Every structure is written in C-alpha cells, then in structure tokens.
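Okay, so here's the structure we're looking at.
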Amino acid sequence: MRKIYSLFVITLLLASCGGKKEQSVQDVIASNDLAKIREKKASLDTQMQTLSDEIKILNDKISELDTNKKIPLITVLSAKEEVFNHYLELQGAVQTKQNVLIYPEMPGLLVRIYVKEGQYVKKGQTLAKIDDGGLANQLAQIEAQAALAETTYKRQKRLWDQKIGSEIQFLQAKTNYEAQTNAVSQLRRQLAKSVITAPFSGVIDDVIKEQGTVVAPGMGSEVFRIVNLKNMYIETDVPESYITSIKKGKNVEVEFPVLGEKLTSKIRQAGNFINPANRTFKVEVGVPNHEGKIKPNLTAKLKINDYSNENAILIPQSIISENANGEQYVYVVEDIKDQVGTAKQTIITTGKTQGDIIEVLSGIESGTKIIEEGARSVKNGQEVKVLAVSK
C-alpha cells in the first residue's frame with residue numbers, strides 16, 4: 001500500500017510539472033551526484049508533505065459534511081447508588097449434638113427391647129432391660145433390713161430423748177440405720193443400670209443389638225443410636241483473614257443441593273481458636289428442621305454475609321480494562337446531544353466482587369453514563385452514538 005501511495009504522489013508531482021523538463025529520479029541517481037540526489041529527495045519530501053496536509057484538510061471537511069459517517073454504536077449504564085451485600089461462599093456438613101450411641105452400663109443378658117427403629121421416644125423413656133442378676137432380690141432384702149434399722153433407731157431415739165438407755169446404744173442404732181439407708185441407695189442405683197433409658201427426646205435411628213444378646217459396658221456393645229433432628233447445625237471452616245468480618249449473628253444463605261432447598265439463617269457461634277494446620281476457625285450455623293428433611297452429614301453450601309455497603313456503585317466486571325501501569329479504567333460518555341457524545345477514559349478504584357458485579361470505590365459518581373456494550377471498541381476522545389441507556 002505504501003508503494004502504491006508513493007507512486008501516486010510521484011505521478012501527481014510529474015503531472016503538476018506540466019511541460020517543464022525536469023530530471024527524473026532515475027536520471028538523478030544515474031548522475032551519481034550526491035548533491036543533486038539530496039536536492040531531489042528534499043524537493044519530493046516537501047511536495048509529499050504539502051499533499052498530505054491538503055488530504056487531511058479534505059478528509060476533515062468530508063467528515064464534517066458527510067451525514068452518513070460511521071461512528072461506534074454503544075449502550076450506556078447509568079451509575080447509581082444501591083445496596084451491596086458481599087458473601088463468602090463455603091461448604092459445610094450438617095451435624096447435631098444429639099446424635100449418640102447408647103451403651104449398657106452393666107453386663108448381662110439383654111432380656112427385653114421395648115422400641116424399634118424409627119420410633120420417636122421421650123427423654124427418660126425405657127428402651128431396653130438387662131437381666132439384673134438377682135440385684136432386685138438383694139434390694140428387697142436390704143430394704144427390709146433398712147426398715148428394721150429405721151424402726152430400731154426411732155425407738156432408741158425416743159428413749160434417749162427421755163434420758164433412758166445408754167448413749168452408745170443410741171449411736172449404734174443411728175449408725176446402723178444410716179448404713180442400711182446408704183446400702184439401699186447404692187443398690188437402687190446399681191439396679192437402675194439394668195434399665196436402658198433415652199438420654200434425650202429423639203428418634204431411634206438404629207437398634208444395634210438383638211434381644212437375648214449378652215452385653216457389657218465398653219466399645220462394641222452399642223445397643224441403640226438415637227438422633228434428635230430438631231437441634232441441627234452446620235459446621236464449616238473459615239479462613240483466618242475473615243476473623244474480623246465473620247462474627248456471631250451474621251446472616252447466612254444456606255443451600256442443600258441434594259434436597260433442592262434454600263433457607264436463611266445466622267451464625268450462632270464463631271470459634272476463637274485458629275487451627276495452625278490450615279489457618280482457619282470454625283463457625284456454627286443453626287438450621288431449623290421443622291419437617292425433618294435435613295439429616296446429619298448432609299452437604300450444604302453456605303453464603304456468609306461478610307461485607308455490606310448501603311450506598312455502593314456497582315458495574316459489570318466485563319467492561320473494566322487495565323492500562324500499562326496496572327490501573328483499571330472504564331469509558332464514560334460526556335456531552336451527549338442527539339444521542340451522540342464523546343467517550344472518555346476514566347481511572348477507577350474497585351472493591352469487592354460478587355458474581356459478575358464489582359464495587360467501584362472511586363472514579364465514578366452517581367449519574368455517570370458508563371459505556372457498557374461497545375466498551376472494548378472505543379477510544380479515548382472518540383465520538384460515539386448512544387443507542388440505549390440502562391438504569
């Protein structure tokens with residue numbers, strides 16, 4: 001293209017010379033005269049600059065008179081202040097503090113099971129009975145001895161109050177009575193261990209041992225699993241960098257992908273210990289479970305509100321560019337008249353992002369017209385035509 005333009009200029013120069021005889025470039029070069037060659041080149045440079053200036057003037061006039069000239073078509077976004085809530089997205093698992101295995105407290109034969117899997121039981125309800133090995137009979141004997149000791153003590157006390165009898169007889173009767181009473185209490189506690197009861201209200205999730213099995217305290221002798229699905233919570237690990245922004249009472253959006261359900265909750269507890277292994281702290285999010293659909297160990301996605309701005313200016317991230325100095329900028333439109341305005345590059349400072357939206361901290365004010373569609377194809381100071389304004 002450059003060669004064609006040079007030939008075109010040379011042709012114009014030759015034509016403008018008319019009938020004047022002037023040495024051609026080839027003749028000047030053939031003369032091997034350095035002074036003539038330089039003179040010829042200077043003459044052509046001057047003529048070329050003159051033509052270039054005249055062409056520019058003609059282009060400017062054409063642009064001014066041409067009503068069908070092509071200018072970039074854009075849409076603009078009108079900046080406005082709005083509420084911005086930023087969320088930290090994490091994953092956690094549903095847990096409950098009332099999900100326990102029930103063990104026997106004494107060895108013996110499991111003679112009776114009173115409940116079945118899936119049955120709802122109340123706190124203190126009898127779940128199973130272990131053979132007491134004769135403890136009930138021993139208790140009856142000791143209770144009889146305790147009753148006799150009580151009668152003896154009361155009679156001896158009445159006599160002692162009347163100053164009848166010796167003090168040693170009174171003290172022996174009192175000591176025997178207290179010893180028998182303690183023996184009865186101890187044996188009753190021992191006998192109570194033969195009855196397995198519910199430690200809290202909940203559902204029998206699993207009956208592990210069969211009736212007739214010999215059981216004993218310790219690992220491997222679990223009889224039941226009982227679960228309370230009402231007091232549920234989600235536990236998750238939060239990076240230590242959020243320790244000042246994520247606290248008790250913060251709003252949390254909870255999603256259960258498997259159930260296809262969402263709910264809103266709050267942080268009910270934030271840990272005070274930083275795990276040195278992964279630099280995180282734990283938080284608990286309460287989960288209401290009125291219908292009983294949520295189960296322990298169910299996976300949940302959490303969106304914890306760690307930052308809010310009531311008067312934020314938000315724009316799409318896709319319209320932001322970066323210059324050679326690492327500064328972020330957008331194009332705004334000024335002096336709009338008859339849908340035509342001028343594009344201006346504006347340096348901005350950004351904050352937090354949420355999805356494809358980013359917060360602008362400085363550089364843009366409410367009401368500023370920001371180029372949205374076409375932002376990548378305009379230049380600073382270029383004339384643009386506004387097709388639409390988004391609000």
Side-chain angles (χ1 to χ4, degrees), residues 83-103 115-123 125 127 198-209 219-220 222-243 245-275 277-308 316-317 352-358:
V83 177
F84 175 55
N85 291 315
H86 182 267
Y87 293 91
L88 172 65
E89 297 185 8
L90 299 169
Q91 184 168 308
V94 177
Q95 298 185 28
T96 175
K97 296 185 184 296
Q98 294 184 326
N99 175 16
V100 300
L101 292 169
I102 301 178
Y103 293 84
V115 294
K116 58 184 179 180
E117 294 180 0
Q119 181 178 338
Y120 179 80
V121 296
K122 294 183 178 180
K123 181 179 180 179
Q125 181 176 334
L127 306 180
F200 51 81
S201 298
V203 176
I204 301 299
D205 190 62
D206 191 9
V207 177
I208 303 171
K209 292 292 188 294
M219 296 297 293
E222 304 90 346
V223 182
F224 304 101
R225 176 183 290 276
I226 183 171
V227 179
N228 187 342
L229 297 180
K230 292 183 179 180
N231 186 23
M232 309 288 282
Y233 68 95
I234 299 170
E235 186 177 77
T236 188
D237 294 327
V238 180
E240 65 176 347
S241 56
Y242 293 92
I243 196 168
S245 57
I246 295 183
K247 299 179 180 180
K248 181 180 178 180
K250 281 285 188 178
N251 293 328
V252 183
E253 293 181 7
V254 183
E255 179 183 0
F256 300 101
V258 174
L259 301 178
E261 294 186 1
K262 296 182 180 180
L263 57 87
T264 302
S265 185
K266 293 181 180 292
I267 294 178
R268 73 179 191 184
Q269 182 179 338
N272 297 309
F273 172 74
I274 303 296
N275 188 337
N278 55 12
R279 311 307 304 174
T280 62
F281 63 97
K282 292 187 179 297
V283 297
E284 288 184 8
V285 179
V287 179
N289 190 23
H290 305 298
E291 299 181 1
K293 292 182 179 180
I294 302 172
K295 310 297 182 183
N297 299 316
L298 187 66
T299 301
K301 292 182 179 180
L302 306 178
K303 294 175 66 177
I304 304 176
N305 176 219
D306 66 319
Y307 171 79
S308 296
Q317 294 189 64
K352 295 183 177 293
T353 63
Q354 190 68 52
D356 61 346
I357 299 298
I358 190 168

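Quantities reported herein were computed from a predicted structural model and do not represent experimental measurements.
Under a 3.5 Å cut-off, the side chain of N228 and the backbone N or O of S201 do form a donor-acceptor pair. A donor-acceptor pair is defined here as one N or O able to donate and one able to accept, closer than 3.5 Å; no such pair exists between the side chain of T96 and the backbone of M232. Judged by distance alone, with hydrogens and angles left aside, the side-chain atoms of Q317 form a donor-acceptor pair with the main-chain N or O of G355 at under 3.5 Å. The main-chain N or O of T299 is never found under 3.5 Å from a side-chain atom of N297 such that the two would form a donor-acceptor pair. Checking side-chain atoms of S265 against main-chain N and O of G286 turns up a donor-acceptor pair under 3.5 Å.
Residue-environment remark: CG (N272) stays at or below the threshold of 12 foreign heavy atoms within 6.0 Å.
Annotation: side chain of T280 is in contact with side chain of N275 (closest heavy-atom distance under 4.5 Å). Residues E235 and Q269 fail the side-chain proximity criterion, which asks for heavy atoms closer than 4.5 Å. Inter-residue side-chain proximity for I234 and V94 is flagged as met; some heavy-atom pair is nearer than 4.5 Å. Between L229 and V203 the shortest side-chain heavy-atom distance does not fall below 4.5 Å. In this structure the side chain of Q125 reaches within 4.5 angstrom of the side chain of V115, judged on heavy atoms. Side-chain contact between I294 and V254 is absent, with no heavy atoms from C-beta onward closer than 4.5 Å. A heavy-atom distance below 4.5 Å is found between the side chains of V285 and I267. Contact of the E222 side chain with the D206 side chain is not registered, since no non-hydrogen atoms from C-beta on lie closer than 4.5 Å.
Pairing each heavy atom of F256 with each of L298, the nearest pair is CD2-CD2, 3.7 Å. Residues A270 and K248 approach most closely at CB-N, 4.2 Å, considering heavy atoms. Taking each heavy atom of N85 and Q354 in turn, the nearest pair found is O-OE1, 4.1 Å. Annotation for I208 and R225: closest pair CD1-N, 4.4 Å, computed over non-hydrogen atoms.
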- Give the C-alpha distance, both sets of side-chain angles, the deciding distance and a yes or no for side-chain contact (heavy atoms from CB on, under 4.5 Å) between I304 and Y242. CA-CA 11 Å; I304 304 176; Y242 293 92; over 6 Å; no

- Give the intermediate values and the outcome of side-chain contact (heavy atoms from CB on, under 4.5 Å) for residues I204 and V121. CA-CA 7 Å; I204 301 299; V121 296; 4.0 Å; yes

- Task: Mind running side-chain contact (heavy atoms from CB on, under 4.5 Å) on D237 and K282 for me, showing each step along the way?
- Result: CA-CA 5 Å; D237 294 327; K282 292 187 179 297; 2.9 Å; yes

- Task: Before giving the answer on side chain to side chain donor-acceptor pair (under 3.5 Å), spell out for K230 and N289 the whole-Å C-alpha distance, their side-chain angles and the decisive distance to 0.1 Å.
- Result: CA-CA 6 Å; K230 292 183 179 180; N289 190 23; over 6 Å; no

- Full working for side-chain contact (heavy atoms from CB on, under 4.5 Å) between K301 and K262: CA-CA 9 Å; K301 292 182 179 180; K262 296 182 180 180; over 6 Å; no

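Rounded to the nearest 0.5 angstrom, T264 OG1 and K303 NZ are separated by 10.5 Å. We find the CD1-CG distance between I246 and L90 to be 6.5 Å, quoted to the nearest 0.5 Å. Atom CD1 of residue I226 and atom NZ of residue K123 lie 11.0 Å apart, to the nearest 0.5 angstrom. Note that NZ of K295 is 12.0 Å distant from CG of N99, once rounded to the nearest 0.5 Å. To the nearest 0.5 Å, atom CD of residue E255 and atom CD of residue Q91 are 10.5 Å apart.
For the pair K97 and Y233, the cation sits on the ring face: its NZ or CZ lies under 6.0 Å from the ring centre, inside 45° of the axis.
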